[in-house]
Amino acid sequence: MHADLSRATFRPERHYSAVLAQQGRVQLDADLNEQTAIQLHRARTLTADLIGRHGGPRDATGFRIEYVGGKHDIDTLYIHGGRYYVDGILCDADRPAPGTPVPDEDAAEPEPAPTAETYWDYWNQPDGFRDPEKPGDRLPSPAQTPFLVYLKVWERAVSAAEDPALREVALGAALPDTAVRAKVVWQVLPLSLAELEIEDAEPSKEVVRAAFDRWAQRQAAPSARLAARSERPEHADEDPCLVRPDARYRGPENQLYRVEVHARGEAKDATFKWSRENGSVVFPVDELDGTWVQLATLGLDDKLDLDVGDLVEFTDTAYASRLEPLPLLRVEELDLPGRRVRLSGEPDPGVGRLPPLHPFLRRWDHREGPRRKGRTAVLKGGGVPVTEGEWLPLEDGVEVYFAKGGGYRTGDHWLIPARTATGSVEWPADPARRPLLTAPAGIARHFAPLALVRGEGGTVDLRLAFGPLAVGIPAADEVTLAAEEQAASEEQAAEADPSGGRSQTTAAAEAAVEGDR
């Protein structure tokens, strides 16, 4: 999540069940966020245990796929409404009901109420952002059928830069942001049978589901591993006395470093970027004119602003949802009175041109320049090339290490808290204090098969459904009723005759014996 956090403390292996606030103590964002994470983890784990990897309620199963081809200029899919769960995550495909405006006073007749569509289109699904002009976004041609349609699910953070409605205007003209939101992103996408390694042109449901499970397992499991540490830089003696002389982390403030994969692939092709603010420094864009970008604000202070030489990512809601890398551009010039910046190149023509997609700049803090021991950090597409098997310095003594043989996916990231109180970074280590290699903190990707599309021949539904657990109370049979009636009669008889059928003399004698005891 790109958000201004102090750190992320939730660890499922610790088995904490709740966060308990104590009186008179400092309240931290990490505590509140961990409580949310604990509840979310429990709810989704329980849901997945009950439902399975995926499934929908029998009477409201969403994401029924309908192939529509031949009647339109371009083939499409209808995604029908309802609910579906993928690894315990709720995905809702219902379309919101359109609002009814107040009629004009001079209108002769009231406007008819707008009708709500009961399905999404492949091209206008809320988080898909498919572009008909891009060949890679189009559905397979009739000659390439059958093909699989599947559901991809993941989560990302949405800030006020992407959703201005999150801002509280009562906080003042500066319009500061407050909390961000975590959003479930679902996308309906096609997949060829060749990618599933299915050669049969008429595979059965069981074959398709088994092949998809193997494919999804490969896609969901990250193979990249990273470790972090803090080492006292060689030039530490030249620093002013802002930190302890023996501190390994030399930064003047606490930071949450974010190391994020930019370009995907193996190490020879992959790049990464990093931010000391967890990638949370963003600037909403008001207008784009060539390489000049007019911003809604230039930042709140000199720590969270833009400066010449900064590297920025010009993106919008659509590309943030696509998980595709964009060139990182350098800030070449600032026009402070006009709130404008000039970038080193014109942004991608398919990004940031539509105001409803809320374009924005995201600042990253790596720079091109000398690394150490005479070596130079040369950027590739604005990103830092991944080098495996050696420690790579970020800044102020913070270093990272990529394990050999990793596969890198755009968006995968690691979080590294750096603290001035200890002069070090917080990172898991073994008893010998050697940093441990860890998998990315995110992005967690989830998949579920929806349908096998046979073109004009229709679709084969691959969804799963479950029924409600609650059932009516069955009527008791005659034997049960007779047994209950006999038990009630015996209970009434015992209450009416406390002696239990014994003579009064015997009952009195037994009572006297009990009294003597």
Side-chain angles (χ1 to χ4, degrees), residues 1-2 44 53-56 61-68 74-96 117 119-140 147-158 162-163 181-192 195-196 212-213 215-222 261 264 315-326 350-351 354 356-358 409-412 442-453 459 461-464:
M1 299 289 179
H2 297 96
R44 289 177 174 174
R53 284 195 53 250
H54 58 87
T61 309
F63 296 92
R64 180 173 67 85
I65 299 300
E66 180 182 355
Y67 177 76
V68 181
I74 189 169
D75 295 347
T76 187
L77 301 172
Y78 287 166
I79 307 163
H80 291 268
R83 299 184 301 279
Y84 208 67
Y85 295 86
V86 181
D87 291 333
I89 301 174
L90 170 61
C91 303
D92 194 337
D94 289 324
R95 298 198 66 157
E117 296 284 358
Y119 57 84
W120 293 96
D121 187 274
Y122 172 77
W123 301 104
N124 68 5
Q125 53 182 306
D127 298 308
F129 298 107
R130 302 291 96 184
D131 185 355
E133 300 300 324
K134 289 187 174 183
D137 282 358
R138 296 183 181 181
L139 294 172
F147 63 89
L148 184 76
V149 176
Y150 70 97
L151 188 61
K152 177 181 178 181
V153 182
W154 55 286
E155 280 187 300
R156 71 181 187 91
V158 177
E162 294 182 75
D163 185 0
R181 304 295 188 271
K183 180 181 182 180
V184 173
V185 175
W186 61 259
Q187 298 166 328
V188 172
L189 303 171
L191 185 67
S192 69
E195 293 181 81
L196 294 176
F212 181 84
D213 286 345
W215 175 87
Q217 187 175 8
R218 294 193 300 268
Q219 298 297 315
V261 176
R264 62 187 298 271
T315 185
D316 57 23
T317 301
Y319 261 79
S321 297
R322 291 178 66 98
L323 289 179
E324 296 177 357
L326 291 166
V351 182
L354 300 176
L357 295 180
H358 304 295
R409 307 178 304 181
T410 299
D412 282 352
I443 299 171
R445 297 159 171 84
H446 310 269
F447 306 91
L450 296 177
L452 182 66
V453 175
T459 60
D461 200 341
L462 298 175
R463 299 172 301 158
L464 302 177

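The main-chain N or O of Ala93 is found under 3.5 Å from a side-chain atom of Trp120 such that the two form a donor-acceptor pair. For Arg445 (side chain) and Gln219 (main-chain N/O), no donor-acceptor pair under 3.5 Å exists by modelled atom type. Within the 3.5 Å criterion, the main-chain N or O of Val188 finds a donor-acceptor partner in the side chain of Gln125. Side-chain atoms of Thr317 come within 3.5 Å of backbone atoms of Leu357 as a donor-acceptor pair (strictly under, hydrogens ignored). Remark: side-chain polar atoms of Arg218 are not paired, donor with acceptor, to backbone N or O of Ala216 under 3.5 angstrom. Remark: the backbone N or O of Tyr319 is paired with a side-chain donor or acceptor of Asp316 at under 3.5 angstrom. In this structure a side-chain-to-backbone donor-acceptor pair under 3.5 Å is missing from Arg264 to Pro325. Asp137 places a side-chain N or O within 3.5 Å of a backbone atom of Asp131 that can act as its donor or acceptor partner. Put simply, the side chain of Arg322 never gets that close to the backbone of Ala320: no donor and acceptor are under 3.5 Å apart. Although no hydrogens or angles enter the test, the distance criterion places a donor-acceptor pair under 3.5 Å between the side chain of Arg95 and the main chain of Tyr119.
For Trp186 and Tyr84, the ring centers are positioned 6.0 Å apart or more.
Annotation: side chain of Val261 is not in contact with side chain of Arg409 (no heavy-atom distance under 4.5 Å). Looking only at side-chain heavy atoms (C-beta outward), Arg138 and Ile74 come within less than 4.5 Å of each other. Looking at heavy atoms from C-beta onward, Leu148 lies out of side-chain contact with Val453 at the 4.5 angstrom threshold. With a 4.5 Å cut-off on side-chain heavy atoms, Arg463 and Pro449 do not count as touching. Considering only heavy atoms from C-beta on, Ile89 comes within 4.5 Å of His446 through its side chain. Using a 4.5 Å heavy-atom cutoff, the side chains of Glu155 and Lys183 are not in contact. Using a 4.5 Å cut-off on side-chain heavy atoms (C-beta onward), Leu189 and Val149 make no contact. The side-chain heavy atoms of Gln187 and Trp154, taken from C-beta on, include a pair separated by under 4.5 Å.
Using the six-membered ring where Trp is involved, Trp215 and Phe212 have ring planes that are tilted, between 30° and 60° apart.
Between the side chains of Ser321 and Asp127, no donor N or O sits under 3.5 Å from an acceptor N or O. Residues Tyr67 and Asp75 bring a donor and an acceptor atom of their side chains to less than 3.5 Å of each other.
Of the charged side-chain nitrogens involved, at least one lies within less than 4.0 Å of a carboxylate oxygen, so that Arg156 and Glu162 count as a salt-bridged pair. Comment: Asp213 engages Arg53 in a salt bridge, judged by a side-chain N to carboxylate O separation of less than 4.0 angstrom.
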